[in-house]
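These notes are about the structure you will find just below.
Heads up: numbering here begins at 1 and tracks the sequence.
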Amino acid sequence: MPPSTTPDSKADLVGKIENDIRKSGFPLEMFVLNVCSSKNTGRMPSVRYEHIDQLREIDLVAFFETIAADHHTATDLIIECKKSSEKPWVFFSTATYKFDNVTSFMKYTSDFDVYFRKRGLVPLLAQIYPGLKLGHYSDPSVPRCVSYYEAFRSTSAPSEIYRAIDSVITYLDYHRASRIKRSEEFGVFSRFYLPVIVVDGNLFEATVELDKVRVCARPHLQLRTFHREDIYIIDIVSKDHFQQFFDQVSHFRSEERRVGK
């Protein structure tokens with residue numbers, strides 16, 4: 001017979017579980033989920049899916065949707081959460097990459113593009129581009145970076161930044177491909193994909209010029225990365241800044257709703 005569990009030992013176990021949860025990434029995931037719940041969004045936490053015969057998971061997909069009689073428009077925030085208390089995340093910017101507007105790199109799928117292509121017209125993104133000027137993709141104050149590293153990480157340890165990047169891009173590619181395969185089910189449909197990594201930890205921008213290294217704390221920056229033969233822009237956002245970032249996306253979404261009008 002196993003020994004009985006006394007009230008004191010149960011309380012001790014509860015305390016240990018609480019401490020273990022605090023050390024994990026779950027509090028950050030719940031925080032991000034609660035922020036996304038503050039507006040009229042769909043929310044799918046802990047999405048498990050199979051891609052290239054491998055079971056994978058993304059922390060959260062939050063989405064805005066507009067359903068009209070003649071079209072259906074959605075904006076997905078594909079969110080990976082990472083806690084990094086001891087290893088600051090550092091992203092490098094350079095004077096040779098100073099884009100004030102990276103909207104052209106946005107990933108999306110739209111049935112309108114089939115219609116436009118047949119008639120020799122420019123794609124949807126180019127048509128609504130002027131209306132997206134107030135979005136964070138065209139905010140010149142957001143640093144645009146091209147490389148990264150985790151400070152103080154052992155060279156033998158895996159890169160958590162790379163894992164987060166691979167996670168959001170893999171789900172984006174998976175969902176975009178599955179949307180194309182299921183296009184007949186929805187009618188006219190447009191979907192925009194915003195990959196986001198939320199960091200509970202220190203986030204920095206670094207520049208290196210000759211023998212000078214400058215490091216500056218940042219609440220939000222964007223990484224331009226070439227991954228799986230395509231270019232992606234990924235928002236890297238600190239936990240403390242995520243509410244403000246989410247509010248910006250909701251305004252950005254108001255411009256995307258003009259699709260099809």
| field | salt bridge (charged side-chain N to carboxylate O under 4.0 Å, His left out) partners for Glu209, two or more places apart | value | Arg214
| task | Name all residues meeting the salt bridge (charged side-chain N to carboxylate O under 4.0 Å, His left out) criterion together with Glu57; count only those two or more places apart in sequence or in a different chain, and write none if there are none. | result | Arg48
| said: Please determine whether a side-chain nitrogen of the Lys or Arg among Lys39 and Asp247 lies less than 4.0 Å from a carboxylate oxygen of the Asp or Glu. | reply: yes
| Looking only at atom types and distance, does a side-chain atom of Ser37 sit under 3.5 Å from a main-chain N or O of Leu33, one as donor and one as acceptor? | yes
| task | Would you check if the side chain of Asp100 reaches a backbone N or O of Pro140 as a donor-acceptor pair within less than 3.5 Å? | result | no
| query | Taking only residues two or more places apart in sequence or in another chain, which ones pass salt bridge (charged side-chain N to carboxylate O under 4.0 Å, His left out) with Lys212? | reply | none
| Considering the options Tyr171, Tyr193, Tyr108, which one meets the side chain to side chain contact (heavy atoms under 4.5 Å, CB included) requirement together with Arg176? | Tyr193
| message | Tell me the closest heavy-atom pair linking Ser38 and Gln243, and the distance in Å. | response | OG-NE2, 4.0 Å
| field | Leu28 backbone acceptor or donor facing Asp200 side chain under 3.5 Å | value | no
| How does the hydrophobic cluster around Val122 look, that is, which other residues are in it when side-chain heavy atoms under 4.5 Å mark a link? | none
| request: Look at the side-chain heavy atoms of Ile, Leu, Val, Met, Phe, Trp and Tyr, link any pair under 4.5 Å apart, and say whether Tyr162 and Leu221 land in one connected group. | output: yes
| field | Whether Thr41 side chain and Arg43 backbone form a donor-acceptor pair below 3.5 Å | value | no
| message | Using every non-hydrogen atom in the two residues, find where Cys36 and Ile79 come nearest and quote the distance to one decimal. | response | SG-CD1, 4.0 Å
| query | Taking only residues two or more places apart in sequence, or in another chain, which ones meet Phe246 in a ring pair (Phe, Tyr, Trp, His ring centres under 6.0 Å)? | reply | Phe64
| Is there a donor-acceptor contact under 3.5 Å from the side chain of Ser238 to the main chain of Pro219? | yes
| query | About how many Å separate CZ of Phe192 and CG of Leu125, when rounded to the nearest 0.5 Å? | reply | 6.5 Å
| request: Just jot down the side chain to side chain contact (heavy atoms under 4.5 Å, CB included) partners of Ser104, sequence neighbours excluded, or say none. | output: Tyr129
| Is the number of heavy atoms from other residues, nucleotides or ligands under 6.0 Å of Phe226 CZ greater than 12? | yes
| message | Is a donor from one side chain sitting under 3.5 angstrom from an acceptor on the other, for Thr103 and Asn101? | response | yes
| Ala164 backbone acceptor or donor facing Ser167 side chain under 3.5 Å | no
| task | Sequence neighbours left out, what passes salt bridge (charged side-chain N to carboxylate O under 4.0 Å, His left out) with Arg56? Give chain and number order. | result | Asp166
| task | Verify side-chain contact (heavy atoms from CB on, under 4.5 Å) between Asp235 and Tyr137, making sure each step is shown before the conclusion. | result | CA-CA 9 Å; Asp235 286 287; Tyr137 275 61; 3.9 Å; yes
| request: Among residues two or more places apart or on two chains, list those pairs meeting ring-ring contact (aromatic ring centres under 6.0 Å, His included) that have a residue in residues 199-224. | output: His220-His241, His220-Phe245
| request: Can you see which heavy atom on Val32 is nearest to which on Cys81, and at what distance? | output: CG2-SG, 3.9 Å
| note | The complete set of side chain to side chain donor-acceptor pair (under 3.5 Å) pairs with one or both residues in residues 138-147, sequence neighbours excluded, reads Asp139-Ser141, Arg144-Gln222
| field | For the student: nearest non-hydrogen atoms of Ser46 and Glu29, plus distance | value | OG-OE1, 4.4 Å
| note | When His175, Lys107, His72 are each screened for side chain to side chain contact (heavy atoms under 4.5 Å, CB included) with Arg191, the one that passes is His175
| query | Under the ring pair (Phe, Tyr, Trp, His ring centres under 6.0 Å) test, which residues partner Phe242, sequence neighbours left out? | reply | none
| Would you call Asp20 and Lys16 a salt bridge, using N to O less than 4.0 angstrom? | no
| field | Considering all heavy atoms, the nearest Glu150-Ile161 contact | value | OE2-N, 3.1 Å
List the atom pairs, donor and acceptor, that lie under 3.5 Å between side-chain atoms in residues 88-99 and the rest of the protein, sequence neighbours left out.
| unit_1 | atom_1 | unit_2 | atom_2 | d |
| --- | --- | --- | --- | --- |
| Trp89 | NE1 | Ser84 | OG | 3.3 |
| Ser93 | OG | Glu205 | OE2 | 2.6 |
| Thr94 | OG1 | Thr96 | N | 3.4 |
| Thr94 | OG1 | Thr96 | OG1 | 3.2 |

| request: Assess whether atom CG of Asn40 is packed by more than 12 heavy atoms of other residues, nucleotides or ligands within 6.0 Å. | output: no
| request: Kindly give the heavy-atom pair with the smallest separation between Ala206 and Val215, and that separation in Å. | output: CB-CG2, 4.1 Å
| message | Under 4.5 Å between side-chain heavy atoms, counting indirect links through other Ile/Leu/Val/Met/Phe/Trp/Tyr residues: same cluster for Val208 and Val146 or not? | response | no
| task | Verify side-chain contact (heavy atoms from CB on, under 4.5 Å) between Tyr49 and Ser178, making sure each step is shown before the conclusion. | result | CA-CA 11 Å; Tyr49 63 102; Ser178 65; over 6 Å; no
| message | Assess the residue pair Val168 and Val196 against the criterion (side-chain contact (heavy atoms from CB on, under 4.5 Å)); give the C-alpha distance rounded to whole Å, side-chain angles, the decisive distance to 0.1 Å, and a yes or no. | response | CA-CA 7 Å; Val168 293; Val196 182; over 6 Å; no
| Which pairs pass ring-ring contact (aromatic ring centres under 6.0 Å, His included) with one or both residues in residues 17-40, sequence neighbours excluded? | none
